[in-house]
Amino acid sequence: QVDLLESGGGSAQAGASLRLVCVASGITNNIALTAWFRQAPGKEREWVASVFNGIPNTYYEESVQGRFIISRGTDKNTVYLQMNSLEPEDTAMYYCAAGPFREDGDYTTAAIETYTYWGQGAQVTVSS
């Protein structure tokens with residue numbers, strides 16, 4: 001079992017920056033990759049970014065590419081989402097998600113089904 005706890009959300013003006021933090025606890029050595037998703041009111045949950053454990057590969061949804069940076073801390077159990085040049089369209093509840101290792105090594109980073117463990121979410125509100 002893995003527990004994920006997000007922190008660092010809040011309110012910001014357009015153009016400002018915020019950083020989200022996700023800390024994993026429990027049996028974390030089975031985590032292959034960690035992602036951030038977001039869900040705005042009335043919309044479906046959408047993938048934002050992913051980072052693999054042990055290799056530097058990162059992946060981003062097109063609308064955040066070049067503005068957001070996902071990274072893993074030195075303790076391997078902490079993942080950050082640095083959000084720069086925030087836009088009102090970034091307003092959403094942000095969720096941290098972790099996916100276990102797969103024997104076939106086939107990970108669809110943007111698919112909700114890839115991730116087994118989810119945090120409770122952190123609200124990000126961007127005003128114009």
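Not measured: the values here are computed from a predicted model. For the single chain, residues carry numbers from 1 onward in sequence order.
Put simply, the side chain of Glu113 does not reach to within 4.5 Å of the side chain of Thr108, judged on heavy atoms. Put simply, the side chain of Asp90 reaches to within 4.5 Å of the side chain of Arg38, judged on heavy atoms. Within the 4.5 Å cutoff, the side chain of Trp47 has heavy atoms near those of the Thr109 side chain. Using a 4.5 Å heavy-atom cutoff, the side chains of Arg67 and Tyr60 are not in contact. Under the 4.5 Å side-chain criterion, counting only non-hydrogen atoms from C-beta, Ile69 is not in contact with Leu81.
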Exercise. Kindly indicate, with the supporting measurements, whether the criterion side chain to side chain contact (heavy atoms under 4.5 Å, CB included) is fulfilled by Leu86 and Phe68.
Key: CA-CA 9 Å; Leu86 283 163; Phe68 290 10; 4.1 Å; yes
Self-check item: side chain to side chain contact (heavy atoms under 4.5 Å, CB included) between Leu33 and Asn53, worked out
Solution: CA-CA 5 Å; Leu33 73 166; Asn53 191 10; over 6 Å; no
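No continuous path of hydrophobic side-chain contacts links Ile31 to Ile55 [ILVMFWY only; heavy atoms under 4.5 Å]. Placement of Leu18 and Ile70 within a single hydrophobic cluster is found when ILVMFWY residues are connected by side-chain heavy-atom separations under 4.5 Å, directly or transitively.
Annotation: the span from Thr34 atom OG1 to Leu4 atom CG amounts to 7.0 Å, rounded to 0.5 Å. For the atom pair CG (Leu20) and CD (Gln82), the distance works out to 9.0 Å, reported to the nearest 0.5 Å. From Asn77, atom CG reaches atom OG1 of Thr28 across 3.5 Å, with rounding to the nearest 0.5 Å. The OH atom of Tyr59 sits 9.0 Å away from the OG atom of Ser50 when rounded to the nearest 0.5 Å. One distance of note links CD of Glu87 with OG of Ser128; it measures 11.5 Å at 0.5 Å rounding.
Judged purely by atom type and a 3.5 angstrom limit, Gln39 has no side-chain atom pairing as donor or acceptor with the backbone of Glu44. Between the side chain of Glu61 and the backbone N or O of Ser63, at least one donor-acceptor pair lies under 3.5 Å. With hydrogens and angles ignored, the 3.5 Å screen pairs no side-chain donor or acceptor of Thr116 with any backbone N or O of Gly99. Between the side chain of Asn84 and the backbone N or O of Ser17 there is no donor-acceptor pair closer than 3.5 Å. At least one donor-acceptor pair under 3.5 Å links the side chain of Thr91 to the backbone N or O of Pro88.
Atom CD of Gln123 has more than 12 heavy atoms from other residues, nucleotides or ligands within 6.0 Å.
Tyr107 and Thr114 get closest at one heavy-atom pair: CD2-CG2, 4.4 Å. Nearest approach of Met93 to Gly121, heavy atoms of both residues: SD-C, 3.7 Å. Among all heavy-atom pairs drawn from Val51 and Arg72, the shortest one is O-NH2, 3.4 Å. Here the closest non-hydrogen pair linking Val124 and Gly9 is CG2-CA, 4.2 Å. Taking all atoms of both residues into account, the shortest heavy-atom contact from Ala40 to Ala92 is N-CB, 3.8 Å. Taking both residues in full, the closest heavy atoms of Glu6 and Trp36 are given as CG-CZ3, 3.8 Å, listed atom of the first, atom of the second, then distance.
A cation-pi arrangement is present between Arg45 and Trp118 under the rule of less than 6.0 angstrom and at most 45 degrees off the ring axis.
Pairs passing the disulfide (SG to SG under 2.5 Å) check and including a residue from residues 15-118, sequence neighbours excluded, read Cys22-Cys96.
In this pair, Tyr115 and Phe37 present their aromatic rings perpendicular. The plane angle is above 60°, beyond the 30 to 60° band.
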